[in-house]
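What you see is a predicted model; the values in this text were computed from it and never measured. Residue numbers start from 1 in every chain, and the chains themselves are labelled A, B, ... in the order their sequence lines are given, proteins ahead of strands.
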Amino acid sequence: MSRKPYVREISHTTWYLARRRDLLHMAQEVTSLFIGIYTIMLLWGVKALSEGPGAYQVFLDALGSPLVIAFNWITFVIMLYHSISWFSVTPKAMPVQIGEEFLPGGIIAAGHYIAWVVVSAVIYYLAGGFNG
Amino acid sequence: MTQRTVELSILRYRPEEDDKPWFQTYQVPCDEDWVVLDAINYVKDHLDGSLSYRWSCHMAVCGSCSMMINGDPALSCKTFIRDLPEGPVRIEPLANFPIERDLVVVMDDFMEKLQRVKPYLIRSTEKPLEEGQHLQSPAELKKFKQYTLCINCACCYSACPQYALIPEFIGPAALTLAHRYNQDSRDQGRDEREDVVASNEGIWDCSFAGACSDVCPKHVDPASAVQQMKIASTVDWFMRRLGLGGGKS
Amino acid sequence: MARSNKPMVWSLFAAGGTVAAFVMPVLMLLTIMAGYGQLTDSLGYEGMKSFASGWMGKLFLLVVIVTCLWHAAHRARTALHGLGLRADKAVAVIGYGIASLGSLLAVFYLLRI
């Protein structure tokens, strides 16, 4: 008897739309584009800083334009998603065995979330954010 | 016992007659404690003897009855009908594998990849018999025990977006099996396995979508195994560049 | 099979993902506040200049910029492949090229502050 296996083709451009799990994964991958754009913005700020007060003021003015502010708010939300999803899978990459038992992943993730809040608060404090 | 009639929508493919797969629906009177496999067995026994599918143990041990149930790969013997949403149940052969007939898929690629990672204990030095067995502490056993629970059902390959896009990818179960032996205190074969594991088609084709771990019916967590190997292989890579060992390049 | 050289970029990707997860949300918040003209003492020219003049500030900015650029370049490569772009070589060259150039520029600018 001859065989005739059937291969189901998948769309290379829309496969992730079929399942929520795949869509969320693709969303995580796409956060990288926003991280990249913001980092380039940061680099531009450093460049302006190195060029003196005039150049830096141009940079600050650009940050104040409605378009940039809108982009930054969107990016802020996307960054939160990146942080939450990144720390939630950290226990998978770095499981911790103490004696015989493995530490529950939730504890490792919780440790990262707490550290995240502390780091954020320290940076915010150093930037004078709590001064009123 | 309460009964309800459930509509099964099953993807059929008969290579002698069909050019492409098509859905056939069956009305099945299901008992409350039935799993999807019971309903499929009912079809085979009472409605349509021509339906082909694989199954054996009916208790989530043999790994042969995996299939797509409402779009997600699962063991049909472990999926209770009462846990599925109302309405028709869509049943298809495992995604990402060619269909041999009806719900039977071609698993040759999967089997070949399992072999490639050398999933057995490798010793560089054999201990003489008179020195006794290789002792292992409970902590050493615990390091890899979870990864021994894989039943080769291939649900993880079916859920893996990278395997869907890159057929050469060694894939979750085979890589996890490599990790199972790498983590075994009796094994000395990690460097040999790294030739496959640390190649581009090995761990580096994984994008850490984590779908493999989500669908694994035995909670093996392949995504974790692969990430751990990425870290270990990265340490190797830098050690080699620094001339501090880390295996051959 | 040959062992991959991906550990080189993957290590930067992983480091950048972790750095970004820890500091990007708060940096975004501060950037937005700067846009609204707040925190002029710390985020204005004098404040940022004194921050970036110290080696701690330089190191912080350098680590954030370099690791996050490489994180973005490497993950965008997978993302674009997932979205259906099959020109992987070109994406890699362009992405890693931008990351390399950006890393060098970061060093250059920071040393001039």
Side-chain angles (χ1 to χ4, degrees), chain A residues 11-16 22 25-26 28-43 45-53 56-57 60 62-65 68-69 72-73 75-76 79-80 82-87 90 93 112 115-116 119-121 123-124 126-129 131, chain C residues 13-14 16-18 20-49 51-52 61 64-65 68-69 71-86 95 98-99 102 105-106 108-113:
Chain A
S11 159
H12 280 186
T13 48
T14 58
W15 59 271
Y16 51 90
D22 292 335
H25 169 60
M26 189 47 84
Q28 277 174 32
E29 300 279 287
V30 169
T31 60
S32 63
L33 297 175
F34 289 83
I35 291 181
I37 293 170
Y38 176 70
T39 308
I40 289 169
M41 200 187 288
L42 213 57
L43 180 62
V46 170
K47 173 181 185 284
L49 196 61
S50 75
E51 286 167 353
Y56 192 71
Q57 193 54 49
L60 281 183
L63 288 187
S65 90
V68 174
I69 286 187
N72 282 349
W73 273 119
T75 308
F76 174 67
M79 294 294 158
L80 288 179
H82 168 75
S83 299
I84 292 164
S85 57
W86 189 269
F87 291 136
T90 302
H112 279 83
W116 174 34
V119 167
S120 301
I123 293 177
Y124 194 70
L126 290 176
N131 292 345
Chain C
F13 153 80
T18 307
F22 273 117
V23 306
M24 280 264 167
V26 69
L27 290 187
M28 285 309 308
L29 203 60
L30 292 171
T31 309
I32 290 167
M33 291 172 79
Y36 284 128
Q38 293 174 313
L39 302 178
T40 42
D41 286 348
S42 48
L43 301 181
Y45 180 74
E46 292 304 326
M48 282 308 291
K49 172 107 180 158
F51 171 69
L61 289 168
V64 170
I65 291 173
C68 290
L69 273 180
H71 169 85
H74 188 61
R75 201 176 212 183
R77 183 180 172 189
T78 321
L80 291 173
H81 182 268
L83 290 170
L85 195 62
R86 284 292 170 274
I98 292 174
L105 285 176
F108 176 72
Y109 295 136
L110 282 168
L111 286 178
R112 296 203 326 168
I113 294 173

Quiz item: Which is it for A:Tyr56 and C:Met48 under the side-chain contact (heavy atoms from CB on, under 4.5 Å) test, yes or no, and what are the steps along the way?
Solution: CA-CA 10 Å; A:Tyr56 192 71; C:Met48 282 308 291; 3.1 Å; yes
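- One finds the OG atom of A:Ser32 at 10.5 Å from the NE2 atom of C:His74 (value rounded to the nearest 0.5 Å).
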Quiz prompt | Derivation of the side-chain contact (heavy atoms from CB on, under 4.5 Å) call for A:His12 and C:Arg86 | solution = CA-CA 9 Å; A:His12 280 186; C:Arg86 284 292 170 274; 3.1 Å; yes
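- Under the side chain to side chain contact (heavy atoms under 4.5 Å, CB included) rule, A:Leu43 has a single partner from C:Leu110, C:Ile65, C:Val64, C:Leu61, which is C:Ile65.
- When side chains are defined from C-beta on, C:Ile113 counts as touching A:Val46, because their heavy atoms get closer than 4.5 Å.
- Annotation: maximal heavy-atom pairing with chain A below 4.5 Å, among C:Ala73, C:Gly16, C:Ala34, C:Gly44, occurs at C:Gly44.
- Interface check for chain C: of the options A:Ser85, A:Gly52, A:Ala121, the most heavy-atom pairs under 4.5 Å are formed by A:Gly52.
- Rounded to the nearest 0.5 angstrom, A:Met41 CE and C:Thr31 OG1 are separated by 7.5 Å.
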Practice problem: Walk me through it: do A:Lys47 and C:Leu105 pass the test side-chain contact (heavy atoms from CB on, under 4.5 Å)? | Solution: CA-CA 8 Å; A:Lys47 173 181 185 284; C:Leu105 285 176; over 6 Å; no
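- Residue contact with chain C, scored on non-hydrogen atoms closer than 4.5 Å, is absent for A:His25.
- Of the two parts of A:Tyr124, the backbone and the side chain both hold a non-hydrogen atom closer than 4.5 Å to a non-hydrogen atom of chain C.
- Using cut-offs of 30° and 60° on the angle between ring planes, the pair C:His71 and A:Trp86 is perpendicular.
- Of the candidates A:Leu42, A:Ile40, A:Ile35, A:Ile35 is the only one forming a side chain to side chain contact (heavy atoms under 4.5 Å, CB included) with C:Cys68.
- Between A:Tyr38 and C:Leu27, some side-chain heavy-atom pair lies under the 4.5 Å cut-off.
- Side chains of A:Trp116 and C:Pro25 form a contact here, defined as non-hydrogen atoms less than 4.5 Å apart.
- For A:Ala115, the parts sitting under 4.5 Å from any heavy atom of chain C are the backbone and the side chain alike.
- Of all the listed residues (A:Ser83, A:Ser120, A:Pro53), the one sharing the greatest number of non-hydrogen pairs under 4.5 Å with chain C is A:Pro53.
- Note: A:Ile69 leads A:Ile69, A:Val119, A:Val68 in heavy-atom pairs under 4.5 Å with chain C.
- Neither the backbone nor the side chain of A:Ser65 has a heavy atom closer than 4.5 Å to any heavy atom of chain C.
- Interface summary for chain A: among C:Gly35, C:Gly102, C:Gly17, C:Ala79, the most heavy-atom pairs under 4.5 angstrom belong to C:Gly17.
- In terms of heavy atoms, A:His82 sits closest to C:Ala20 at NE2-CB, 3.8 Å.
- At least one side-chain heavy atom of A:His112 sits under 4.5 Å from a side-chain heavy atom of C:Phe22.
- Contact of C:Leu29 with chain A is made through backbone and side chain together, with heavy-atom distances under 4.5 Å.
- The closest side-chain heavy-atom distance from A:Gln28 to C:Arg75 is below 4.5 Å.
- With rounding to the nearest 0.5 Å, the separation of OG1 in A:Thr39 from CE in C:Met24 is 3.5 Å.
- Side-chain contact check for A:Leu49 versus C:Tyr109: every heavy-atom pair is 4.5 Å or farther apart.
- Side chains of C:Thr40 and A:Leu60 form no contact here, defined as non-hydrogen atoms less than 4.5 Å apart.
- Contact annotation for A:Trp73: both backbone and side-chain heavy atoms come within less than 4.5 Å of a heavy atom of chain C.
- The contact between C:Phe13 and chain A is made by backbone and side chain atoms together, counting heavy-atom distances below 4.5 Å.
- Judged by distance alone, with hydrogens and angles left aside, the side-chain atoms of A:Trp15 form no donor-acceptor pair with the main-chain N or O of C:Leu83 at under 3.5 Å.
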